[in-house]
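Numbers restart at 1 for each chain; the letters A, B, ... are given by sequence-line order, proteins then strands. The analysis underlying the following values was restricted to heavy atoms, covering all of them including side chains, and did not include hydrogens, waters or symmetry mates.
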Amino acid sequence: MGALIESVEVLHPRPVRRHLAGPADFASVLTGRTIVGARRRGKYLWLPLAPTDASDSGQGPGDALMAHLGMSGQLLVQPAGVPDERHLRVRFRLDRGDRELRFVDQRMFGGLSLSPGGAEVPAEIAHIAPDPLEAAFDESAFVSRVRRSHSGIKRLLLTQTVISGVGNIYADEALWRSGLHGERPGSQLTRAQVLELLGHVRAVMTDALAQGGTSFDALYVNVNGESGYFDRSLNAYGREDEPCKRCGTPMRRVAFMNRSSYFCPACQPAPRRTRS
DNA sequence: AGTTGCCCCTGCGCGC
DNA sequence: TGCGCGCAGGGGCAAC
């Protein structure tokens, strides 16, 4: 079982920046290891490795190849001989050179690292809350965390220690479904409102998964290169000046954390300013 | 200690 | 035609 890493080729240093010993060391320490699985939490994913004599502590999980796809990353398994992707950053030759694991990433917000074993979840992401589709997600912890924060609810939805797996697009969609403005402080929401929002977060993620995700262009495809169709179902994201699908009011766009937020000014009224 | 602003990065599309 | 600018966004981190 598993896939033996025959060799590693780092074509761009940035995606392995979190491996502090450098790209050459990254390649060297992974060569000869065997990938035995695949796990994820939120948008992080990691590939557990079989223990070596040196690394096997005899207890707990072993080392893992950690990955995050950022916004434009892909982890692909390709037969050897498939032409290099334009933004191929790291190549792992597997087995007897028959196939390759490739990390492809245009914008390089994502990356790879070797995570030492010993913990159930790699140390790099121990601070990440479970995502709301995991059984481990703690609803009451989420509700109380939100309700004692003065941060805006959208920011909280994007904060990994609060909840993981929710990005800018799905946050806007869940807030639109909930009739909540993203700048509403968490502390201003009732328990029922937070639970309703959580229900919409789950529904948006489930709906999006069922449609293969949200594909605006060729960057956003699944592991087989296929597009998803959830962009056709978006009610908020990207709809500036278009009528709200619930009340017809023109949708608005505002800058938010170097991104954009889309909302209906009627269905999702802005909170009263407490100071200005 | 909780909260906030901003940086990282590439490619594309737009306006001048 | 070419250049510069803004935008896209996951997530961490320094500074308050």
Side-chain angles (χ1 to χ4, degrees), chain A residues 10-20 40-46 66-75 85-90 103-113 115 121-132 141-142 144-175 182-189 201 204-205 208 213-221 227-228 230-231 234 236-241 252-262 271 273-276:
Chain A
V10 179
L11 292 95
H12 195 296
R14 180 162 171 84
V16 297
R17 65 194 176 280
R18 297 202 175 272
H19 186 85
L20 300 181
R40 70 159 190 89
R41 166 163 288 185
K43 296 169 191 162
Y44 284 90
L45 59 101
W46 64 97
M66 273 292 307
H68 194 287
L69 304 182
M71 63 173 286
S72 58
Q74 296 175 265
L75 214 42
E85 292 77 8
R86 180 170 177 198
H87 301 293
L88 176 63
R89 307 304 189 187
V90 183
F103 183 71
V104 178
D105 191 4
Q106 179 199 104
R107 293 176 196 168
M108 295 188 288
F109 277 16
L112 304 172
S113 61
S115 177
V121 169
E124 294 92 324
I125 60 166
H127 66 291
I128 302 285
D131 71 65
F142 173 74
S144 52
R145 176 72 177 79
V146 166
R147 295 190 69 222
R148 71 185 144 76
S149 171
H150 299 297
S151 295
I153 183 60
K154 180 167 178 182
R155 186 169 187 126
L156 290 167
L157 287 178
L158 301 180
T159 299
Q160 302 300 294
T161 51
V162 177
I163 187 171
S164 67
V166 184
N168 193 47
I169 297 171
Y170 299 158
D172 276 4
E173 292 303 306
L175 289 166
E183 290 167 16
R184 285 281 294 279
S187 56
Q188 209 182 78
L189 302 179
V201 168
V204 166
M205 293 171 79
T214 308
S215 303
F216 293 110
D217 57 42
L219 286 182
Y220 307 101
V221 294
S227 293
F230 191 66
D231 56 317
L234 295 176
Y237 187 82
R239 300 196 66 247
E240 182 178 21
D241 295 333
R252 290 204 50 208
R253 178 178 84 87
V254 296
F256 170 77
M257 284 174 73
N258 295 323
R259 295 169 183 76
S260 293
S261 288
Y262 298 87
R273 295 279 165 194
T274 52
R275 70 185 79 179
S276 63

Presence of [X] side-chain N/O under 4.0 Å of [N] phosphate oxygens OP1/OP2:
X	N	value
A:Arg14	B:dC9	yes
A:Ser151	B:dG2	no
A:Ser260	C:dC7	no
A:Ser72	B:dT10	no

Mind calculating the distance between CD1 (A:Ile169) and P (C:dC7) to the nearest angstrom?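 Whole-Å distance recorded here is 17 Å.
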Round to a whole Å and report the spacing from CE of A:Met108 to P of B:dT10.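 In whole Å, B:dT10 P and A:Met108 CE are 4 Å from each other.
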What's [X] touching, base or sugar-phosphate or nothing? Going by heavy atoms closer than 4.0 Å.
X	value
A:Arg17	nothing
A:Asn258	base
A:Tyr262	sugar-phosphate

Residues A:Ser187 and A:His150: side-chain donor-acceptor under 3.5 angstrom: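 Indeed, the side chains of A:Ser187 and A:His150 share at least one donor-acceptor pair under 3.5 Å.
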When you compare the protein's N or O atoms with those of nucleotides 12-16 of chain C, which come within less than 3.5 Å of each other, and at what distance?
from	atom 1	to	atom 2	distance (Å)
C:dG12	OP1	A:Tyr44	OH	2.3

Going by salt bridge (charged side-chain N to carboxylate O under 4.0 Å, His left out), name the residues that satisfy it together with A:Arg40, two or more places apart in sequence or in a different chain.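 Listed in chain order: A:Asp131.
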Got a salt bridge between A:Asp172 and A:Lys154, using NZ or NE/NH1/NH2 to carboxylate O under 4.0 Å?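 Salt bridge between A:Asp172 and A:Lys154, a charged N being under 4.0 Å from a carboxylate O: yes.
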Give me the bend of the helix from B:dG2-C:dC16 to B:dC16-C:dG2, using the axes of the five pairs at each end, rounded to 10°.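 For the helix from B:dG2-C:dC16 to B:dC16-C:dG2, the axes at opposite ends meet at about 50°.
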So, does A:Thr159 use its side chain to make a donor-acceptor pair with the main chain of A:Arg155 at under 3.5 Å?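 Side chain of A:Thr159 to backbone of A:Arg155, a donor-acceptor pair under 3.5 Å: yes, one is there.
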Does the A:Arg17 side chain pair with the main chain of A:Arg14, one donor and one acceptor, at a distance under 3.5 Å?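 Yes.
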